[in-house]
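Here's the structure, in C-alpha coordinates; my notes come after.
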Number of protein chains: 2
Amino acid sequence: MDEDQIHATLSRMLLAGRLPGGTKLGEHRLADIFGVSRERIRKVLHRLGHERLIEVVKNRGAFTLAPDPSEVHVVFEARRILEGGIAAHLADTLSPDQVETLRAHVDRESEALKTGDRRTWLRLSAEFHFLLAAMTGNPVIVQQARELVGRTTMLVAFYENNAGAQCGCAEHRTIFRALASGERARAGKAMSAHLALIETRLRPLACVDAGPPLEDVIAEFMEPPSPPARTRRKAQMKAEAQA
Amino acid sequence: MDEDQIHATLSRMLLAGRLPGGTKLGEHRLADIFGVSRERIRKVLHRLGHERLIEVVKNRGAFTLAPDPSEVHVVFEARRILEGGIAAHLADTLSPDQVETLRAHVDRESEALKTGDRRTWLRLSAEFHFLLAAMTGNPVIVQQARELVGRTTMLVAFYENNAGAQCGCAEHRTIFRALASGERARAGKAMSAHLALIETRLRPLACVDAGPPLEDVIAEFMEPPSPPARTRRKAQMKAEAQA
DNA sequence: ATTGGATCAATTGTGCACAATTTTAGCGGA
DNA sequence: TCCGCTAAAATTGTGCACAATTGATCCAAT
(Lines give C-alpha, C1' and ligand atoms only; values in the text may rest on other atoms or scores of the structure.)
Protein backbone atom coordinates (compact mmCIF):
# COMPACT_ATOMS: atom_id res chain seq x y z
CA MET A 1 0.00 0.00 0.00
CA ASP A 2 1.21 3.45 -0.89
CA GLU A 3 2.28 5.93 1.72
CA ASP A 4 -0.23 8.54 0.60
CA GLN A 5 -2.97 5.94 0.65
CA ILE A 6 -2.17 5.06 4.24
CA HIS A 7 -2.14 8.72 5.14
CA ALA A 8 -5.47 9.29 3.42
CA THR A 9 -7.02 6.25 5.07
CA LEU A 10 -5.89 7.23 8.53
CA SER A 11 -6.98 10.83 7.92
CA ARG A 12 -10.48 9.71 6.97
CA MET A 13 -10.64 7.45 9.98
CA LEU A 14 -9.45 10.15 12.37
CA LEU A 15 -11.79 12.75 10.91
CA ALA A 16 -14.69 10.35 11.27
CA GLY A 17 -13.87 10.25 14.95
CA ARG A 18 -14.57 6.57 15.43
CA LEU A 19 -11.75 6.07 17.92
CA PRO A 20 -12.04 7.47 21.41
CA GLY A 21 -9.65 10.23 22.34
CA GLY A 22 -6.23 9.17 23.56
CA THR A 23 -6.23 5.84 21.77
CA LYS A 24 -2.71 4.60 21.23
CA LEU A 25 -1.61 4.14 17.65
CA GLY A 26 1.22 1.64 17.89
CA GLU A 27 3.68 1.55 15.02
CA HIS A 28 4.12 -2.22 14.91
CA ARG A 29 0.41 -2.76 15.17
CA LEU A 30 -0.41 -0.41 12.29
CA ALA A 31 2.41 -1.93 10.25
CA ASP A 32 0.76 -5.34 10.60
CA ILE A 33 -2.67 -3.96 9.76
CA PHE A 34 -1.55 -2.23 6.59
CA GLY A 35 0.96 -4.92 5.73
CA VAL A 36 3.86 -2.55 5.33
CA SER A 37 7.11 -1.92 7.12
CA ARG A 38 7.20 -0.01 10.37
CA GLU A 39 9.25 2.84 8.89
CA ARG A 40 6.48 3.62 6.44
CA ILE A 41 4.04 3.90 9.30
CA ARG A 42 6.45 6.05 11.30
CA LYS A 43 6.66 8.59 8.54
CA VAL A 44 2.89 8.78 8.12
CA LEU A 45 2.44 9.09 11.88
CA HIS A 46 4.86 11.98 12.18
CA ARG A 47 3.19 13.65 9.23
CA LEU A 48 -0.22 13.30 10.86
CA GLY A 49 1.27 14.69 14.02
CA HIS A 50 2.50 17.77 12.26
CA GLU A 51 -0.96 18.21 10.75
CA ARG A 52 -2.37 18.13 14.27
CA LEU A 53 -4.58 15.16 13.49
CA ILE A 54 -2.88 13.11 16.19
CA GLU A 55 -0.52 13.79 19.04
CA VAL A 56 2.96 12.31 18.93
CA VAL A 57 5.06 12.22 22.06
CA LYS A 58 8.76 11.49 21.93
CA ASN A 59 9.62 7.95 23.00
CA ARG A 60 5.96 7.28 23.71
CA GLY A 61 4.26 7.10 20.36
CA ALA A 62 1.17 8.48 18.68
CA PHE A 63 -2.27 9.01 20.20
CA THR A 64 -5.60 10.23 18.91
CA LEU A 65 -6.49 13.66 20.17
CA ALA A 66 -8.52 14.00 23.33
CA PRO A 67 -10.76 16.95 22.55
CA ASP A 68 -11.16 18.79 25.80
CA PRO A 69 -13.61 21.70 25.81
CA SER A 70 -10.83 24.26 25.65
CA GLU A 71 -9.77 22.91 22.27
CA VAL A 72 -13.33 23.25 21.04
CA HIS A 73 -13.24 26.89 21.96
CA VAL A 74 -9.80 27.47 20.48
CA VAL A 75 -10.68 25.89 17.14
CA PHE A 76 -13.99 27.70 16.82
CA GLU A 77 -12.44 31.01 17.78
CA ALA A 78 -9.75 30.46 15.17
CA ARG A 79 -12.47 29.74 12.60
CA ARG A 80 -14.31 32.91 13.55
CA ILE A 81 -11.15 34.92 12.98
CA LEU A 82 -10.04 33.22 9.78
CA GLU A 83 -13.43 32.72 8.13
CA GLY A 84 -14.53 36.14 9.27
CA GLY A 85 -11.55 37.49 7.38
CA ILE A 86 -12.43 35.34 4.39
CA ALA A 87 -15.99 36.63 4.34
CA ALA A 88 -14.85 40.23 4.61
CA HIS A 89 -12.37 39.69 1.80
CA LEU A 90 -14.90 38.01 -0.45
CA ALA A 91 -17.39 40.80 0.04
CA ASP A 92 -14.91 43.05 -1.73
CA THR A 93 -13.75 40.71 -4.46
CA LEU A 94 -16.58 38.35 -5.36
CA SER A 95 -17.31 38.13 -9.09
CA PRO A 96 -20.89 37.92 -10.44
CA ASP A 97 -20.27 34.31 -11.42
CA GLN A 98 -19.17 33.45 -7.93
CA VAL A 99 -22.21 35.18 -6.47
CA GLU A 100 -24.40 33.02 -8.67
CA THR A 101 -22.53 29.87 -7.66
CA LEU A 102 -23.05 30.77 -4.02
CA ARG A 103 -26.71 31.56 -4.56
CA ALA A 104 -27.18 28.17 -6.22
CA HIS A 105 -25.45 26.48 -3.31
CA VAL A 106 -27.60 28.15 -0.68
CA ASP A 107 -30.71 27.38 -2.74
CA ARG A 108 -29.75 23.73 -2.86
CA GLU A 109 -29.33 23.79 0.91
CA SER A 110 -32.83 25.20 1.32
CA GLU A 111 -34.22 22.68 -1.12
CA ALA A 112 -32.56 19.76 0.63
CA LEU A 113 -33.86 21.00 3.97
CA LYS A 114 -37.39 21.44 2.61
CA THR A 115 -37.58 18.03 0.96
CA GLY A 116 -36.17 16.40 4.06
CA ASP A 117 -33.07 15.10 2.29
CA ARG A 118 -31.07 15.28 5.43
CA ARG A 119 -27.98 13.53 4.14
CA THR A 120 -27.59 15.98 1.25
CA TRP A 121 -28.29 18.91 3.50
CA LEU A 122 -25.56 17.92 5.92
CA ARG A 123 -23.05 17.58 3.13
CA LEU A 124 -23.98 20.90 1.52
CA SER A 125 -23.94 22.57 4.89
CA ALA A 126 -20.37 21.50 5.51
CA GLU A 127 -19.30 22.34 1.95
CA PHE A 128 -20.53 25.91 2.24
CA HIS A 129 -17.62 26.94 4.43
CA PHE A 130 -15.10 25.16 2.28
CA LEU A 131 -16.59 26.71 -0.84
CA LEU A 132 -16.06 30.18 0.55
CA ALA A 133 -12.43 29.42 1.32
CA ALA A 134 -11.94 28.04 -2.18
CA MET A 135 -13.45 31.17 -3.71
CA THR A 136 -10.57 33.26 -2.43
CA GLY A 137 -8.52 31.37 -4.99
CA ASN A 138 -5.70 31.50 -2.45
CA PRO A 139 -4.07 28.10 -1.82
CA VAL A 140 -2.61 29.24 1.50
CA ILE A 141 -6.02 30.23 2.82
CA VAL A 142 -7.60 27.06 1.46
CA GLN A 143 -4.98 25.03 3.28
CA GLN A 144 -5.52 26.80 6.59
CA ALA A 145 -9.28 26.61 6.29
CA ARG A 146 -9.11 22.92 5.44
CA GLU A 147 -7.10 22.26 8.58
CA LEU A 148 -9.58 24.06 10.80
CA VAL A 149 -12.63 22.49 9.19
CA GLY A 150 -10.99 19.09 9.59
CA ARG A 151 -10.42 19.64 13.28
CA THR A 152 -14.00 20.80 13.64
CA THR A 153 -15.20 17.62 11.99
CA MET A 154 -13.23 15.58 14.51
CA LEU A 155 -14.74 17.52 17.38
CA VAL A 156 -18.37 17.17 16.32
CA ALA A 157 -17.77 13.48 15.59
CA PHE A 158 -16.37 12.96 19.05
CA TYR A 159 -19.27 14.63 20.77
CA GLU A 160 -21.60 12.64 18.50
CA ASN A 161 -23.84 15.62 18.23
CA ASN A 162 -24.27 15.18 14.49
CA ALA A 163 -27.97 15.71 14.77
CA GLY A 164 -28.46 19.30 15.81
CA ALA A 165 -25.03 20.89 15.62
CA GLN A 166 -25.00 21.45 11.91
CA CYS A 167 -25.06 24.80 10.22
CA GLY A 168 -28.31 26.63 10.23
CA CYS A 169 -29.47 27.20 6.68
CA ALA A 170 -30.87 30.64 7.37
CA GLU A 171 -27.52 31.79 8.72
CA HIS A 172 -25.79 30.74 5.53
CA ARG A 173 -28.29 32.77 3.57
CA THR A 174 -27.64 35.77 5.77
CA ILE A 175 -23.93 35.49 5.07
CA PHE A 176 -24.63 35.09 1.39
CA ARG A 177 -26.78 38.22 1.25
CA ALA A 178 -24.05 40.29 2.88
CA LEU A 179 -21.49 38.90 0.46
CA ALA A 180 -23.66 39.44 -2.60
CA SER A 181 -24.32 43.06 -1.71
CA GLY A 182 -20.66 43.68 -0.95
CA GLU A 183 -21.23 44.57 2.69
CA ARG A 184 -17.81 43.73 4.01
CA ALA A 185 -18.37 44.45 7.69
CA ARG A 186 -21.73 42.69 7.78
CA ALA A 187 -20.35 39.61 6.06
CA GLY A 188 -17.53 39.25 8.55
CA LYS A 189 -19.83 39.72 11.50
CA ALA A 190 -22.41 37.28 10.14
CA MET A 191 -19.81 34.59 9.63
CA SER A 192 -18.37 35.13 13.08
CA ALA A 193 -21.80 35.03 14.69
CA HIS A 194 -22.73 31.92 12.73
CA LEU A 195 -19.68 30.01 13.94
CA ALA A 196 -20.26 31.19 17.48
CA LEU A 197 -23.76 29.73 17.29
CA ILE A 198 -22.47 26.38 16.11
CA GLU A 199 -20.12 26.28 19.05
CA THR A 200 -22.85 26.99 21.57
CA ARG A 201 -25.01 24.29 20.01
CA LEU A 202 -22.13 21.88 20.42
CA ARG A 203 -20.86 22.71 23.86
CA PRO A 204 -23.69 21.43 26.10
CA LEU A 205 -23.31 17.96 24.66
CA ALA A 206 -19.60 18.04 25.40
CA CYS A 207 -20.14 18.32 29.10
CA VAL A 208 -22.56 15.43 29.11
CA ASP A 209 -20.36 13.16 27.06
CA ALA A 210 -17.17 13.99 28.90
CA GLY A 211 -18.48 12.13 31.94
CA PRO A 212 -17.33 12.86 35.50
CA PRO A 213 -13.91 14.50 35.28
CA LEU A 214 -13.21 14.11 38.98
CA GLU A 215 -9.91 15.96 39.00
CA ASP A 216 -11.65 18.93 37.44
CA VAL A 217 -14.14 19.07 40.26
CA ILE A 218 -11.28 19.33 42.70
CA ALA A 219 -9.64 21.92 40.53
CA GLU A 220 -12.75 24.08 40.68
CA PHE A 221 -12.12 24.56 44.36
CA MET A 222 -8.60 25.72 43.81
CA GLU A 223 -7.03 28.55 41.88
CA PRO A 224 -7.79 28.20 38.14
CA PRO A 225 -4.48 27.84 36.24
CA SER A 226 -5.47 25.51 33.36
CA PRO A 227 -8.11 22.96 34.36
CA PRO A 228 -8.36 21.03 31.08
CA ALA A 229 -4.79 19.71 31.32
CA ARG A 230 -5.72 16.84 33.58
CA THR A 231 -8.90 15.94 31.77
CA ARG A 232 -6.83 14.95 28.78
CA ARG A 233 -4.60 12.72 30.81
CA LYS A 234 -7.50 10.88 32.31
CA ALA A 235 -9.09 10.29 28.92
CA GLN A 236 -5.85 8.75 27.72
CA MET A 237 -5.63 6.35 30.59
CA LYS A 238 -9.21 5.23 30.09
CA ALA A 239 -8.71 4.65 26.40
CA GLU A 240 -5.48 2.77 26.86
CA ALA A 241 -7.09 0.51 29.37
CA GLN A 242 -9.61 -0.54 26.73
CA ALA A 243 -6.84 -1.52 24.30
CA MET B 1 23.77 18.47 17.63
CA ASP B 2 20.14 18.12 18.53
CA GLU B 3 17.44 17.69 15.95
CA ASP B 4 15.52 20.72 17.12
CA GLN B 5 18.70 22.79 17.07
CA ILE B 6 19.34 21.82 13.45
CA HIS B 7 15.76 22.70 12.61
CA ALA B 8 16.05 26.04 14.34
CA THR B 9 19.36 26.81 12.68
CA LEU B 10 18.09 26.00 9.22
CA SER B 11 14.89 27.93 9.87
CA ARG B 12 16.81 31.05 10.84
CA MET B 13 19.04 30.68 7.81
CA LEU B 14 16.13 30.21 5.43
CA LEU B 15 14.17 33.09 6.90
CA ALA B 16 17.21 35.33 6.57
CA GLY B 17 17.08 34.56 2.87
CA ARG B 18 20.83 34.34 2.39
CA LEU B 19 20.64 31.52 -0.13
CA PRO B 20 19.32 32.16 -3.63
CA GLY B 21 16.04 30.53 -4.56
CA GLY B 22 16.22 26.97 -5.81
CA THR B 23 19.46 26.13 -4.04
CA LYS B 24 19.77 22.41 -3.53
CA LEU B 25 19.98 21.19 0.04
CA GLY B 26 21.68 17.81 -0.29
CA GLU B 27 21.21 15.39 2.58
CA HIS B 28 24.75 14.05 2.63
CA ARG B 29 26.20 17.52 2.42
CA LEU B 30 24.13 18.86 5.32
CA ALA B 31 24.94 15.72 7.30
CA ASP B 32 28.64 16.48 6.94
CA ILE B 33 28.17 20.14 7.82
CA PHE B 34 26.24 19.45 10.99
CA GLY B 35 28.26 16.35 11.81
CA VAL B 36 25.22 14.10 12.22
CA SER B 37 23.80 11.14 10.38
CA ARG B 38 21.88 11.56 7.16
CA GLU B 39 18.64 10.27 8.67
CA ARG B 40 18.59 13.10 11.18
CA ILE B 41 18.89 15.58 8.32
CA ARG B 42 16.19 13.78 6.33
CA LYS B 43 13.71 14.17 9.14
CA VAL B 44 14.44 17.87 9.57
CA LEU B 45 14.23 18.43 5.82
CA HIS B 46 10.84 16.80 5.54
CA ARG B 47 9.64 18.78 8.51
CA LEU B 48 10.82 22.02 6.92
CA GLY B 49 9.09 20.95 3.74
CA HIS B 50 5.81 20.49 5.56
CA GLU B 51 6.24 23.93 7.07
CA ARG B 52 6.63 25.31 3.57
CA LEU B 53 10.07 26.74 4.33
CA ILE B 54 11.63 24.61 1.60
CA GLU B 55 10.35 22.51 -1.26
CA VAL B 56 10.93 18.78 -1.20
CA VAL B 57 10.46 16.76 -4.36
CA LYS B 58 10.24 12.99 -4.25
CA ASN B 59 13.43 11.30 -5.37
CA ARG B 60 15.02 14.67 -6.05
CA GLY B 61 15.64 16.26 -2.70
CA ALA B 62 15.07 19.58 -0.97
CA PHE B 63 15.40 23.05 -2.47
CA THR B 64 15.06 26.56 -1.15
CA LEU B 65 11.94 28.24 -2.39
CA ALA B 66 12.06 30.25 -5.57
CA PRO B 67 9.78 33.17 -4.79
CA ASP B 68 8.05 34.02 -8.02
CA PRO B 69 5.84 37.14 -7.98
CA SER B 70 2.67 35.06 -7.79
CA GLU B 71 3.78 33.72 -4.42
CA VAL B 72 4.32 37.23 -3.18
CA HIS B 73 0.76 38.06 -4.04
CA VAL B 74 -0.63 34.85 -2.57
CA VAL B 75 1.15 35.29 0.74
CA PHE B 76 0.21 38.93 1.12
CA GLU B 77 -3.39 38.25 0.17
CA ALA B 78 -3.48 35.49 2.77
CA ARG B 79 -2.10 37.90 5.33
CA ARG B 80 -4.72 40.48 4.46
CA ILE B 81 -7.43 37.89 5.02
CA LEU B 82 -6.03 36.36 8.21
CA GLU B 83 -4.69 39.50 9.88
CA GLY B 84 -7.76 41.43 8.78
CA GLY B 85 -9.76 38.84 10.68
CA ILE B 86 -7.44 39.13 13.64
CA ALA B 87 -7.80 42.90 13.75
CA ALA B 88 -11.58 42.68 13.54
CA HIS B 89 -11.63 40.11 16.31
CA LEU B 90 -9.35 42.12 18.56
CA ALA B 91 -11.45 45.25 18.13
CA ASP B 92 -14.22 43.36 19.91
CA THR B 93 -12.20 41.62 22.59
CA LEU B 94 -9.20 43.77 23.50
CA SER B 95 -8.77 44.39 27.21
CA PRO B 96 -7.67 47.77 28.59
CA ASP B 97 -4.31 46.28 29.50
CA GLN B 98 -3.78 45.04 25.97
CA VAL B 99 -4.72 48.44 24.59
CA GLU B 100 -2.05 50.02 26.77
CA THR B 101 0.52 47.44 25.69
CA LEU B 102 -0.26 48.21 22.08
CA ARG B 103 -0.12 51.94 22.66
CA ALA B 104 3.29 51.56 24.26
CA HIS B 105 4.48 49.50 21.32
CA VAL B 106 3.35 52.02 18.73
CA ASP B 107 4.90 54.82 20.80
CA ARG B 108 8.18 52.97 20.84
CA GLU B 109 7.96 52.65 17.07
CA SER B 110 7.47 56.40 16.73
CA GLU B 111 10.28 57.08 19.13
CA ALA B 112 12.69 54.80 17.30
CA LEU B 113 11.76 56.40 14.00
CA LYS B 114 12.20 59.90 15.41
CA THR B 115 15.58 59.25 17.01
CA GLY B 116 16.77 57.53 13.86
CA ASP B 117 17.31 54.18 15.57
CA ARG B 118 16.59 52.31 12.40
CA ARG B 119 17.53 48.87 13.65
CA THR B 120 15.13 49.06 16.57
CA TRP B 121 12.41 50.49 14.39
CA LEU B 122 12.67 47.62 11.91
CA ARG B 123 12.41 45.07 14.69
CA LEU B 124 9.45 46.76 16.36
CA SER B 125 7.77 47.17 13.02
CA ALA B 126 7.92 43.45 12.36
CA GLU B 127 6.90 42.58 15.91
CA PHE B 128 3.73 44.66 15.70
CA HIS B 129 2.00 42.10 13.51
CA PHE B 130 3.12 39.20 15.61
CA LEU B 131 2.04 40.99 18.77
CA LEU B 132 -1.49 41.34 17.43
CA ALA B 133 -1.67 37.64 16.61
CA ALA B 134 -0.40 36.79 20.08
CA MET B 135 -3.04 39.00 21.67
CA THR B 136 -5.80 36.73 20.42
CA GLY B 137 -4.45 34.24 22.92
CA ASN B 138 -5.28 31.58 20.37
CA PRO B 139 -2.39 29.16 19.65
CA VAL B 140 -3.90 28.07 16.34
CA ILE B 141 -4.05 31.63 15.07
CA VAL B 142 -0.57 32.38 16.39
CA GLN B 143 0.74 29.37 14.52
CA GLN B 144 -0.89 30.37 11.24
CA ALA B 145 0.22 33.96 11.58
CA ARG B 146 3.77 32.89 12.37
CA GLU B 147 3.88 30.83 9.20
CA LEU B 148 2.72 33.70 7.02
CA VAL B 149 4.99 36.26 8.67
CA GLY B 150 7.88 33.86 8.20
CA ARG B 151 7.18 33.47 4.51
CA THR B 152 6.93 37.24 4.19
CA THR B 153 10.32 37.62 5.82
CA MET B 154 11.80 35.23 3.27
CA LEU B 155 10.27 37.16 0.41
CA VAL B 156 11.51 40.60 1.46
CA ALA B 157 14.94 39.12 2.15
CA PHE B 158 15.07 37.60 -1.30
CA TYR B 159 14.13 40.82 -3.05
CA GLU B 160 16.68 42.60 -0.86
CA ASN B 161 14.34 45.51 -0.51
CA ASN B 162 14.89 45.79 3.21
CA ALA B 163 15.27 49.53 2.98
CA GLY B 164 11.89 50.86 1.99
CA ALA B 165 9.53 47.92 2.24
CA GLN B 166 9.01 48.01 5.97
CA CYS B 167 5.80 48.88 7.70
CA GLY B 168 4.84 52.50 7.76
CA CYS B 169 4.64 53.69 11.34
CA ALA B 170 1.63 55.88 10.71
CA GLU B 171 -0.34 52.93 9.38
CA HIS B 172 0.31 50.97 12.53
CA ARG B 173 -1.01 53.86 14.55
CA THR B 174 -4.12 54.01 12.40
CA ILE B 175 -4.75 50.34 13.07
CA PHE B 176 -4.13 50.86 16.76
CA ARG B 177 -6.63 53.71 16.95
CA ALA B 178 -9.34 51.61 15.33
CA LEU B 179 -8.59 48.75 17.71
CA ALA B 180 -8.54 50.95 20.80
CA SER B 181 -11.89 52.49 19.97
CA GLY B 182 -13.42 49.11 19.18
CA GLU B 183 -14.19 49.92 15.56
CA ARG B 184 -14.24 46.43 14.19
CA ALA B 185 -14.85 47.21 10.54
CA ARG B 186 -12.31 50.02 10.46
CA ALA B 187 -9.64 47.91 12.12
CA GLY B 188 -10.03 45.10 9.59
CA LYS B 189 -9.93 47.49 6.67
CA ALA B 190 -6.94 49.38 8.02
CA MET B 191 -4.95 46.19 8.45
CA SER B 192 -5.88 44.98 5.00
CA ALA B 193 -4.95 48.29 3.42
CA HIS B 194 -1.70 48.40 5.35
CA LEU B 195 -0.61 44.99 4.08
CA ALA B 196 -1.66 45.88 0.55
CA LEU B 197 0.61 48.91 0.74
CA ILE B 198 3.58 46.82 1.85
CA GLU B 199 3.04 44.54 -1.11
CA THR B 200 2.98 47.40 -3.61
CA ARG B 201 6.16 48.80 -2.10
CA LEU B 202 7.76 45.40 -2.60
CA ARG B 203 6.52 44.37 -6.01
CA PRO B 204 8.42 46.75 -8.33
CA LEU B 205 11.69 45.36 -7.08
CA ALA B 206 10.48 41.85 -7.75
CA CYS B 207 9.96 42.44 -11.44
CA VAL B 208 13.43 43.89 -11.80
CA ASP B 209 15.08 41.03 -9.98
CA ALA B 210 13.13 38.32 -11.77
CA GLY B 211 14.98 39.06 -15.00
CA PRO B 212 13.87 37.82 -18.44
CA PRO B 213 11.56 34.81 -18.00
CA LEU B 214 11.91 33.59 -21.60
CA GLU B 215 9.62 30.57 -21.35
CA ASP B 216 6.88 32.81 -20.05
CA VAL B 217 7.10 34.94 -23.16
CA ILE B 218 6.44 31.84 -25.22
CA ALA B 219 3.65 30.82 -22.87
CA GLU B 220 1.95 34.16 -23.44
CA PHE B 221 1.39 33.17 -27.03
CA MET B 222 -0.21 29.88 -26.10
CA GLU B 223 -3.24 28.89 -24.10
CA PRO B 224 -2.82 30.06 -20.46
CA PRO B 225 -2.75 26.99 -18.20
CA SER B 226 -0.39 28.06 -15.35
CA PRO B 227 2.47 30.35 -16.45
CA PRO B 228 4.34 30.63 -13.14
CA ALA B 229 5.14 26.92 -13.11
CA ARG B 230 7.99 27.22 -15.57
CA THR B 231 9.48 30.34 -14.06
CA ARG B 232 10.22 28.40 -10.91
CA ARG B 233 11.96 25.62 -12.77
CA LYS B 234 14.25 28.02 -14.52
CA ALA B 235 15.27 29.65 -11.25
CA GLN B 236 16.20 26.24 -9.89
CA MET B 237 18.44 25.44 -12.82
CA LYS B 238 20.23 28.73 -12.56
CA ALA B 239 20.86 28.29 -8.86
CA GLU B 240 22.10 24.75 -9.24
CA ALA B 241 24.56 25.85 -11.88
CA GLN B 242 26.09 28.21 -9.34
CA ALA B 243 26.61 25.43 -6.84
C1' DA C 1 25.76 19.56 -36.08
C1' DT C 2 21.93 17.81 -33.69
C1' DT C 3 19.15 14.36 -31.84
C1' DG C 4 18.46 9.94 -29.84
C1' DG C 5 19.54 6.44 -26.76
C1' DA C 6 22.27 4.05 -23.32
C1' DT C 7 25.35 3.67 -19.65
C1' DC C 8 27.18 5.59 -15.37
C1' DA C 9 27.51 8.45 -11.38
C1' DA C 10 25.11 10.68 -7.71
C1' DT C 11 21.34 11.23 -4.66
C1' DT C 12 17.31 9.80 -2.35
C1' DG C 13 14.18 5.99 -0.49
C1' DT C 14 13.64 1.76 2.28
C1' DG C 15 14.14 -2.25 5.21
C1' DC C 16 16.61 -4.30 8.89
C1' DA C 17 19.15 -4.75 13.15
C1' DC C 18 20.40 -2.73 17.28
C1' DA C 19 20.24 0.92 20.99
C1' DA C 20 17.60 3.73 24.20
C1' DT C 21 13.60 4.73 26.62
C1' DT C 22 9.34 3.77 28.71
C1' DT C 23 6.00 0.89 30.82
C1' DT C 24 4.64 -2.94 33.30
C1' DA C 25 4.98 -6.85 36.11
C1' DG C 26 6.86 -9.00 40.11
C1' DC C 27 8.53 -8.87 44.77
C1' DG C 28 9.75 -7.63 49.29
C1' DG C 29 9.07 -4.58 53.24
C1' DA C 30 6.69 -1.17 56.18
C1' DT D 1 -2.95 -3.02 51.85
C1' DC D 2 0.02 0.19 50.00
C1' DC D 3 4.33 2.01 48.65
C1' DG D 4 9.06 1.65 46.68
C1' DC D 5 12.30 -0.79 44.08
C1' DT D 6 14.10 -3.80 40.49
C1' DA D 7 14.04 -6.28 36.38
C1' DA D 8 12.00 -7.64 32.16
C1' DA D 9 9.07 -6.87 28.27
C1' DA D 10 7.42 -3.90 24.90
C1' DT D 11 7.81 0.12 22.12
C1' DT D 12 10.08 3.82 19.92
C1' DG D 13 14.53 5.99 18.06
C1' DT D 14 18.73 5.59 15.21
C1' DG D 15 22.48 4.20 12.20
C1' DC D 16 23.81 1.41 8.40
C1' DA D 17 23.63 -1.09 4.09
C1' DC D 18 21.35 -1.70 -0.05
C1' DA D 19 17.72 -0.73 -3.61
C1' DA D 20 15.59 2.54 -6.74
C1' DT D 21 15.19 6.64 -9.13
C1' DT D 22 17.02 10.63 -11.28
C1' DG D 23 20.27 13.45 -13.96
C1' DA D 24 24.34 13.66 -16.77
C1' DT D 25 27.67 12.38 -19.95
C1' DC D 26 29.09 10.12 -23.86
C1' DC D 27 28.71 7.93 -28.22
C1' DA D 28 26.55 6.87 -32.41
C1' DA D 29 23.44 7.59 -36.22
C1' DT D 30 20.91 10.51 -39.30
Just jot down the side-chain contact (heavy atoms from CB on, under 4.5 Å) partners of A:Thr101, sequence neighbours excluded, or say none.
-> A:Met135
Output all residues satisfying side-chain contact (heavy atoms from CB on, under 4.5 Å) with B:Ala133, sequence neighbours left out; order by chain, then residue number.
-> B:Ile86, B:Ala145
Taking atom [atom2] of [N] as reference, at what distance in whole Å does atom [atom1] of [X] sit?
X: A:Phe63; N: C:dT22; atom1: CZ; atom2: P; value: 13 Å
X: B:Arg29; N: C:dT12; atom1: CZ; atom2: C1'; value: 16 Å
X: A:His28; N: D:dT11; atom1: NE2; atom2: C1'; value: 10 Å
X: A:Ile54; N: D:dT12; atom1: CD1; atom2: C1'; value: 14 Å
X: A:Ile41; N: D:dG13; atom1: CD1; atom2: C1'; value: 16 Å
X: A:Asn59; N: C:dA19; atom1: CG; atom2: P; value: 16 Å

Are any protein N/O atoms closer than 3.5 Å to N/O atoms in nucleotides 14-18 of chain D? If there are, list each pair with its distance.
from: D:dG15; atom 1: OP1; to: B:Arg40; atom 2: NH2; distance (Å): 3.2
from: D:dG15; atom 1: OP2; to: B:Ser37; atom 2: OG; distance (Å): 2.5
from: D:dC16; atom 1: N4; to: B:Glu39; atom 2: OE1; distance (Å): 3.2
from: D:dC16; atom 1: N4; to: B:Glu39; atom 2: OE2; distance (Å): 3.3

Taking N or O atoms only and anything under 3.5 Å, show me the protein contacts with nucleotides 5-10 of chain D, one pair per line.
none

Identify whether the distance between the nearest side-chain nitrogen and carboxylate oxygen of [X] and [Y] falls below 4.0 Å.
X: B:Glu71; Y: B:Arg151; answer: yes
X: A:Lys43; Y: A:Glu3; answer: yes
X: B:Glu199; Y: B:Arg80; answer: yes

Qualifying ring pair (Phe, Tyr, Trp, His ring centres under 6.0 Å) pairs with a residue from residues 15-61 of chain B, counting only residues at least two apart or across chains = A:His50-B:His50
Plane angle bin for A:His105 and A:Phe128 - parallel if under 30°, tilted between 30 and 60°, otherwise perpendicular = tilted
B:Arg60 side chain N/O closer than 4.0 Å to the phosphate oxygens (OP1, OP2) of D:dT21?
-> no
Salt bridge (charged side-chain N to carboxylate O under 4.0 Å, His left out) with B:Glu51: which residues, sequence neighbours excluded?
-> B:Arg47
